[in-house]
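Single-structure report; data block below.
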Amino acid sequence: MSFLNNIATKSPWLFRINAGSCNGCDVELATTAFIPRFDVERLGCKYCGSPRHADIVLITGPLTLKIKDQVLKVWNEIPEPKVTVAVGICPISGGVFKGGHSIEGPIDRYLPVDVNVPGCPPRPQAIMEGILLAKEIWLKRIEEAERKGVRHVQIS
Amino acid sequence: MFKFLKVLVKNILQGPATEAFPLQPAKTPDRFRGRVTLNPDLCVGCGICSHVCSGDAIRIIPNEEKTGYHYTVWYNSCCLCGSCTYYCPTKAITMTNNWHNSHKQDDKFKMAEHHFIPYLKCDGCGAPIRLLPPHLATRIYAHSPVDIEKIIRLCPSCRQIATAERQGELNESNPE
């Protein structure tokens, strides 16, 4: 099992949640992974389709009223230890949508955010910096969990 | 038939398309719109930047004693549109090409630039003013014979009076 753990800690899997984003940051997230010039996958990161496989969750968008419950539901499905990264200024502060009638954000009212990547949208390289920061935090959390003897996968 | 060999050799010589970013600094264009920065010497506190700011990132608040104002830019709300640099009359606020903005949640509210900018006193009436930047004054008064050193230390209404006096003197000396 430790062999598997050693391999797994090299590559955190990413999951994207769109919390009412204008799609700009989502395009940058796709660019970060799929354009060979940036290529986040050489850092061992990979986008996955299911929240239950994810380690690092990237949230874009200001958290609109309509999508709030779904975002929280999906976020709760991601197993611990997870790291939440807010991409773009919208989830961090509300950005240009701040004070709108349908905006529930900033997102740290509802979720514990770990890393912020401001920008409108942020550069792919800036997103990669954020992912590297998140990876550091994630490795620390795994170590802590191992010390305490907690099982990694805990799906509620 | 051997066209592919040509492509192969070309690709080998070209090297990978991937940037070695986390290991080496990424290439950034000079005019890249990164975080904004303020030159407090040039700022006159007109407030057009906070008026046009689409992300509501700029805040200008005078202090209680009215001896100056606090100028704050919060990068976490700045959408990098560049409206502030476009509309700033003295070009005090500019954009750098620094995009290294990723930070941990603990530093969320430290991601800001803050300046306390003191007021000067008008030489005429003592009202709190900011100095008119000399490079702007030389442009405004390019065709009039005024002492720029003196006129930039006046508030707008005192400047108006000074202009009227100057005009009056001119009219008296040359009645036609």
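Just so it is clear: chains get the letters A, B, ... in the order the sequence lines come, proteins before strands, and each one is counted from 1.
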Tell me whether the count of non-hydrogen atoms from other residues, nucleotides or ligands lying under 6.0 Å of [atom1] in [X] goes above 12.
X: A/Arg141; atom1: CZ; value: yes
X: B/His114; atom1: NE2; value: yes
X: B/Phe116; atom1: CZ; value: yes
X: B/Gln160; atom1: CD; value: no
X: B/Lys150; atom1: NZ; value: no
X: B/Tyr86; atom1: OH; value: no

Given the rule that I, L, V, M, F, W and Y join up when any side-chain heavy atoms are under 4.5 Å apart, are [X] and [Y] in one cluster?
X: A/Trp138; Y: A/Leu132; value: yes
X: A/Val71; Y: A/Val74; value: yes
X: A/Trp13; Y: A/Ile131; value: no
X: B/Leu42; Y: B/Ile129; value: no
X: A/Ile103; Y: A/Ile67; value: no

Problem - Any donor-acceptor N/O pair, B/Thr18 side chain to A/Pro36 backbone, under 3.5 Å - result: yes
Taken in chain and number order and not counting sequence neighbours, the residues that satisfy side-chain contact (heavy atoms from CB on, under 4.5 Å) with B/Arg166 are B/Val146, B/Ile151, B/Thr163
- Query: Mind checking whether B/Pro22 and A/Leu43 have side chains closer than 4.5 Å, heavy atoms only?
  - Reply: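 In contact.
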[X] [atom1] to [Y] [atom2] distance, which is reported to the nearest 0.5 Å:
X: B/Asn97; Y: A/Arg123; atom1: CG; atom2: CZ; result: 8.5 Å
X: A/Gln125; Y: B/Glu19; atom1: CD; atom2: CD; result: 5.0 Å
X: B/Lys104; Y: A/Asn116; atom1: NZ; atom2: CG; result: 12.0 Å

If you tally heavy-atom pairs under 4.5 Å between each of B/Gly55, B/Ala17, B/Ser77 and chain A, the highest tally belongs to B/Ser77
Among [options], which residue forms the greatest number of heavy-atom pairs with chain B at distances under 4.5 Å?
options: A/Asp39, A/Val117, A/Asp114; result: A/Asp114
options: A/Thr84, A/Asp108, A/Ile127; result: A/Asp108
options: A/Gly99, A/Ala126, A/Pro118; result: A/Pro118

By residue number, those in residues 89-98 of chain A with heavy atoms under 4.5 Å from heavy atoms of chain B are A/Ile89, A/Ile92, A/Ser93, A/Gly95, A/Val96, A/Lys98
Geometric cation-pi criterion A/Arg37 and B/Phe21, 6.0 Å radius, 45° cone: no
Heavy atoms only: give me the nearest A/Gly130-B/Ser102 pair and the separation to one decimal.
->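 Looking at all heavy atoms of both residues, the closest pair is N-OG, 3.5 Å.
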*Given a strict heavy-atom distance threshold of 4.5 Å, which part of A/Ile35 is in contact with chain B: side chain, backbone, both, or neither?*
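When you check distances to chain B, no heavy atom of A/Ile35 falls under 4.5 Å.
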- Between B/Cys81 and chain A, which part of the residue has a heavy atom less than 4.5 Å away: side chain, backbone, both or neither?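 For B/Cys81, there is no contact with chain A at all, as no heavy atom is under 4.5 Å.
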